[in-house]
Amino acid sequence: MTPTTQPRIPEPLDPGKHSDTVMSYLWSHYQEYKALSASNDEPLITVDTGRFACGFPLPTFQRELCWTRDQQIAFIESAWLGLPLGTFTHHDIDWGSGGHARPFSGWLIDGQQRLTAIQDYWEDRFPVFGLYWSELTRTETRRFKGIKFPHYEAALWDESAIRDLYNRLALGGVPHRPDQRA
């Protein structure tokens with residue numbers, strides 16, 4: 001290719017570092033968030049919306065929750081049944097002066113509905129297969145925490161790039177109508 005020739009197809013976007021994690025990653029993150037929230041210390045990460053999912057702050061451009069309780073239950077059932085759960089994407093955390101997180105740190109870019117379903121399940125807001133989280137045995141909770149749920153960790157540090165990634169991850173699908181279900 002000569003220097004004056006423009007590529008016809010753009011270079012791939014970098015959604016960040018991929019980690020083949022399991023639910024225990026979210027469990028640990030959420031427990032740390034709850035412990036910090038319960039303390040009298042100044043929060044390390046703040047967000048204009050005041051909304052969080054499993055401890056990840058939600059940026060202002062994230063839509064409100066829209067999944068019904070039935071959709072949340074179906075997602076958790078899928079996890080128990082070993083079905084692929086997709087991925088979620090959050091932003092890296094970096095610390096600035098004074099020990100406070102830089103802007104965009106920790107933002108949940110994609111996965112709010114799924115992470116909220118998990119959080120609500122852990123908070124006993126609904127049963128799955130007839131059981132609330134608090135009713136599970138230690139073996140069952142260990143099994144759930146071992147379910148694969150990979151994620152990406154972006155490090156874009158430019159809000160327009162973060163918004164572009166969000167739009168590409170969240171707005172590409174068209175929901176099926178009820179008459180289109182199998």
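Predicted, not measured: the structure shown is a model, and the values here were computed from it.
- With sequence neighbours excluded, the residues forming a ring pair (Phe, Tyr, Trp, His ring centres under 6.0 Å) with Tyr25 are His151, listed by chain and number.
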Legend entry - Criterion side chain to side chain contact (heavy atoms under 4.5 Å, CB included) on Trp67 and Thr116, from CA distance to verdict: CA-CA 9 Å; Trp67 273 13; Thr116 300; over 6 Å; no
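- Between Ala154 and Leu165, the shortest heavy-atom distance links the atoms CB-CD2, 4.2 Å.
- Ile73 contributes atom CD1, which lies 10.5 Å from atom CG of Asp120 (distance to the nearest 0.5 angstrom).
- For the atom pair OG of Ser37 and CZ of Phe52, the computed distance is 6.5 Å after rounding to the nearest 0.5 Å.
- Note on Ile162 and Leu13: separate hydrophobic clusters, where clusters join Ile, Leu, Val, Met, Phe, Trp and Tyr whose side-chain heavy atoms are under 4.5 Å apart, directly or indirectly.
- When all heavy atoms of Phe56 and Leu108 are compared, the pair lying nearest together is CB-CB, 3.8 Å.
- You'll find the side chain of Phe104 stays beyond 4.5 Å of the side chain of Asp94, heavy atoms only.
- Of the candidates Phe129, Phe144, Tyr132, Phe75, Tyr121 forms a ring pair (Phe, Tyr, Trp, His ring centres under 6.0 Å) with just one, namely Phe144.
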Inset, instruction - Take Trp107 and Leu156 through the test side chain to side chain contact (heavy atoms under 4.5 Å, CB included) and record every step on the way to the result. - result: CA-CA 11 Å; Trp107 277 9; Leu156 299 171; over 6 Å; no
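- Rounding to the nearest 0.5 Å gives a distance of 13.0 Å between OG of Ser28 and CE of Met23.
- There is no path of hydrophobic side-chain contacts, each under 4.5 Å, that joins Ile76 to Val22.
- One hydrophobic cluster holds both Leu169 and Trp157 under the rule that ILVMFWY side chains link at heavy-atom gaps under 4.5 Å.
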Inset, instruction - Before giving the answer on salt bridge (Lys or Arg N to Asp or Glu O under 4.0 Å), spell out for Asp92 and Lys17 the whole-Å C-alpha distance, their side-chain angles and the decisive distance to 0.1 Å. - result: CA-CA 9 Å; Asp92 185 24; Lys17 178 180 73 176; over 6 Å; no
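- For the 3.5 Å distance criterion, the side chains of Gln112 and Arg51 qualify, holding a donor opposite an acceptor.
- When the side chains of ILVMFWY residues are joined at heavy-atom separations under 4.5 Å, either directly or via intervening members, Leu65 and Phe61 end up in two distinct hydrophobic clusters.
- Within the 4.5 Å cutoff, no side-chain heavy atoms of Asp124 are placed close to those of Glu135.
- Between Tyr166 and Thr89 the shortest side-chain heavy-atom distance does not fall below 4.5 Å.
- The structure places CZ of Arg142 at 12.5 Å from CG of Leu136, a figure rounded to the nearest 0.5 Å.
- Partner of Tyr152 under the ring pair (Phe, Tyr, Trp, His ring centres under 6.0 Å) criterion, out of His90, His91, His18: His18 alone.
- Hydrophobic clustering, with ILVMFWY side chains joined whenever heavy atoms are under 4.5 angstrom apart, groups Trp133 together with Leu85.
- Distance check: Leu36 CG to Gln31 CD gives 11.5 Å after rounding to the nearest 0.5 Å.
- No donor-acceptor pair closer than 3.5 Å links the side chain of Arg125 to the backbone N or O of Gln119.
- In terms of heavy atoms, Arg63 sits closest to Cys66 at CZ-SG, 3.5 Å.
- In terms of modelled atom types and a separation under 3.5 Å, the side chain of Ser24 and the main chain of Gly146 share no donor-acceptor contact.
- Here the closest heavy-atom approach between residue Pro150 and residue Lys148 is recorded as CD-C, 3.9 Å.
- Other residues, nucleotides and ligands contribute over 12 non-hydrogen atoms within 6.0 Å of the NZ atom of Lys145.
- Residues Ser105 and Pro57 share a closest heavy-atom pair of O-CG, 3.9 Å.
- Minimum interatomic distance between Ile147 and Ala79 (heavy atoms only, all atoms of both residues): CD1-O, 3.3 Å.
- Taken to the nearest 0.5 Å, the CD atom of Glu77 stands 9.0 Å off from the CG atom of Asp70.
- Residue-environment remark: CD (Glu32) stays at or below the threshold of 12 foreign heavy atoms within 6.0 Å.
- A donor-acceptor pair under 3.5 Å is formed between the side chain of Gln71 and the backbone N or O of Thr68.
- With Thr141 contributing its side chain and Arg138 its backbone, the two residues share a donor-acceptor pair below 3.5 Å.
- A heavy-atom distance below 4.5 Å is not found between the side chains of Ile118 and Tyr30.
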